[in-house]
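Worksheet for the structure shown next.
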Amino acid sequence: MGWRGTGSRWAGAALAACAALSAPAARAATKFPAIAICEDENEWPPYSYFQRSNGKRTGNVVGYAVDVIAEIFSRHDIRWRIDMIPWQRCLAVARLGKQYQLTLNMSWSEERARDFLFSKPYYSTTTYYYYSRKRNPQGLAVNAPADLHNYRLCGVRGYNYAGYGLQTGEVDQGASDFSAMIAKLHLGRCALFVEKNEVMLGYTAIGKDYLADPDLGLAPVPGMPPGLFHFAIPKTFPQGPALLQVLDAELTRMQDSGRL
């Protein structure tokens, strides 16, 4: 995907006008270079995903997170682009702060906080657990987050499960994507996996209807706090602290105004 100029992705004049409102006063004193963003090639709908045209995937990345960063960068004349690459590679390369300077959908963990600066959270999610009805036709006894520890869990390679209160080693993260993880579930290699309900519904909207599987059971995890997501900037990016100030100030503005 090529570099995007200020406000270039907006389709409607009203949105462009809103993004430009008071822009001269909002521009940061720091002159930022063009910002390269990496995100997961497996997509994270409805927050960042490839736009579809007649059911076919295009090269254009859209979504809520993309809308938010587009508005922020348009107000500060910052050019930017998004590359959708394998998530583990995105994390590994972004840590260096050279090829990429930002990720859009990052949940906090102590390990990640060693390498990244985290913005204020700008969306939250609800956690469900998913299990195989073929293997567990009566369902599972999950009445609180602590009950997850009683089961073998599957996960996707490179994803963060610390926010669920799960420790390294508790989750088999051998699956490369959701299809592979669900297949492992039905084979009995794990009892359940946990994921954001909004994301699973988002996949349905872009033609990856994992929830259409009649053997996939699901239920909310009782008592699980909302999952919070942030923009993340590598600490190795020299202008990272200044960029963080811009992001937090703009998120506060958008929250206070109801725009977010």
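Numbers here are sequence positions counted from 1.
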- [ ] Evaluate the criterion side-chain contact (heavy atoms from CB on, under 4.5 Å) for residue pair Val93 and Lys98; output intermediate values, then yes/no.
- [x] CA-CA 8 Å; Val93 177; Lys98 295 180 179 179; over 6 Å; no
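- Between Val199 and Tyr47 the shortest side-chain heavy-atom distance falls below 4.5 Å.
- A side-chain donor-acceptor contact under 3.5 Å links Arg133 to the backbone of Pro214.
- In Glu41, the CD atom is crowded: over 12 heavy atoms of neighbouring residues, nucleotides or ligands sit closer than 6.0 Å.
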Open item on the list: Between Gln101 and Ile233, is the side-chain contact (heavy atoms from CB on, under 4.5 Å) condition met? List the steps.
Closed with: CA-CA 6 Å; Gln101 297 81 43; Ile233 306 165; 5.6 Å; no
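- The distance from atom CG of Asn42 to atom NZ of Lys208, rounded to the nearest 0.5 Å, is 6.0 Å.
- Under the salt bridge (charged side-chain N to carboxylate O under 4.0 Å, His left out) criterion, Lys184 pairs with Asp172, sequence neighbours left out.
- Contact between Gln173 and Val156 at its shortest, heavy atoms only, is NE2-O, 2.9 Å.
- Judged by distance alone, the side chain of Asn160 and the main-chain N or O of Trp108 form a donor-acceptor pair under 3.5 Å.
- With rounding to the nearest 0.5 angstrom, the NZ atom of Lys31 is 8.5 Å from the CD1 atom of Ile78.
- At distances below 3.5 Å, not a single donor-acceptor pair connects side-chain atoms of Ser48 with backbone N or O atoms of Gly63.
- When side chains are defined from C-beta on, Pro234 does not count as touching Asp115, because their heavy atoms never get closer than 4.5 Å.
- Counting only distance, with no hydrogens or angles, the side chain of Glu43 and the backbone of Phe50 share a donor-acceptor pair below 3.5 Å.
- Note that CZ of Arg95 is 9.5 Å distant from SG of Cys90, once rounded to the nearest 0.5 Å.
- Taking every heavy atom of both residues into account, Tyr130 and Asn197 meet most closely at OH-CA, 3.8 Å.
- Partner of Val171 under the side chain to side chain contact (heavy atoms under 4.5 Å, CB included) criterion, out of Leu153, Val194, Leu148: Leu153 alone.
- Residue Leu96 is not grouped with residue Leu104 when hydrophobic side chains (ILVMFWY) are merged at heavy-atom distances under 4.5 angstrom, including chains of intermediate members.
- In terms of modelled atom types and a separation under 3.5 Å, the side chain of Arg57 and the main chain of Arg52 share no donor-acceptor contact.
- Remark: Asn136 CG to Leu185 CG distance equals 8.0 Å, nearest 0.5 Å.
- Contact annotation: the side chain of Ile69 approaches that of Leu102 to within less than 4.5 Å [non-hydrogen atoms, C-beta and beyond].
- Across all their heavy atoms, Met181 and Cys154 have their closest contact at CG-CB, 3.7 Å.
- No single ILVMFWY cluster, assembled from side-chain heavy atoms under 4.5 Å apart, contains both Leu140 and Leu187.
- Under the 4.5 Å side-chain heavy-atom criterion for Ile, Leu, Val, Met, Phe, Trp and Tyr, Ile85 and Ile35 are members of distinct hydrophobic clusters.
- Of the possible donor and acceptor atoms, one in the side chain of Asp147 sits under 3.5 Å from a partner among the backbone N and O of Ala144.
- When atom types are taken as modelled, the side chain of Tyr151 and the backbone of Ala141 share a donor-acceptor pair closer than 3.5 angstrom.
- Applying the 6.0 Å contact sphere to CZ of Arg189 captures no more than 12 heavy atoms from other residues, nucleotides or ligands.
- A distance of 7.5 Å separates NZ in Lys134 from CG in Asp213, rounded to the nearest 0.5 Å.
- The shortest distance between side-chain heavy atoms of Tyr128 and Glu198 does not fall below 4.5 Å.
- Scanning all heavy atoms of the two residues, the minimum distance from Phe116 to Phe118 falls at O-CD1, 3.6 Å.
- For the pair Glu39 (side chain) and Asn105 (backbone), a donor-acceptor distance under 3.5 Å is present.
- A distance-only check finds no donor-acceptor pair linking the side chain of His230 to the backbone of Met106 [under 3.5 Å].
- Side-chain contact between Ile37 and Arg81: absent, with no pair of heavy atoms (C-beta onward) separated by less than 4.5 Å.
- Of the charged side-chain nitrogens involved, none lies within less than 4.0 Å of a carboxylate oxygen, so that Arg259 and Glu250 do not count as a salt-bridged pair.
- Contact detail for Leu216 and His186: the closest heavy-atom pair is N-CE1, 4.2 Å.
- The hydrophobic cluster containing Leu247 also contains Phe237, counting ILVMFWY residues as joined when their side-chain heavy atoms lie under 4.5 angstrom apart, directly or transitively.
- Counting heavy atoms from C-beta outward, Phe73 and Phe32 have side chains that stay 4.5 Å or more apart.
- Contact of the Leu91 side chain with the Tyr100 side chain is not registered, since no non-hydrogen atoms from C-beta on lie closer than 4.5 Å.
- Criterion: ILVMFWY side-chain heavy atoms under 4.5 Å apart, direct or through other members. Under it, Leu228 and Tyr123 are not part of a common hydrophobic cluster.
- Of the possible donor and acceptor atoms, one in the side chain of Thr58 sits under 3.5 Å from a partner among the backbone N and O of Gln51.
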Task: From CA spacing to verdict: side-chain contact (heavy atoms from CB on, under 4.5 Å), Cys38, Trp87 - done: CA-CA 8 Å; Cys38 68; Trp87 183 236; 5.6 Å; no
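- Side-chain contact between Val246 and Arg75: absent, with no pair of heavy atoms (C-beta onward) separated by less than 4.5 Å.
- Here the closest non-hydrogen pair linking Tyr159 and Asp40 is OH-OD2, 2.8 Å.
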TODO: Might you work through the side-chain contact (heavy atoms from CB on, under 4.5 Å) test for Leu251 and Gln255, ending with a clear yes or no?
DONE: CA-CA 6 Å; Leu251 290 175; Gln255 180 69 54; over 6 Å; no
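- To the nearest 0.5 angstrom, Leu211 atom CG is 4.0 Å from Thr204 atom OG1.
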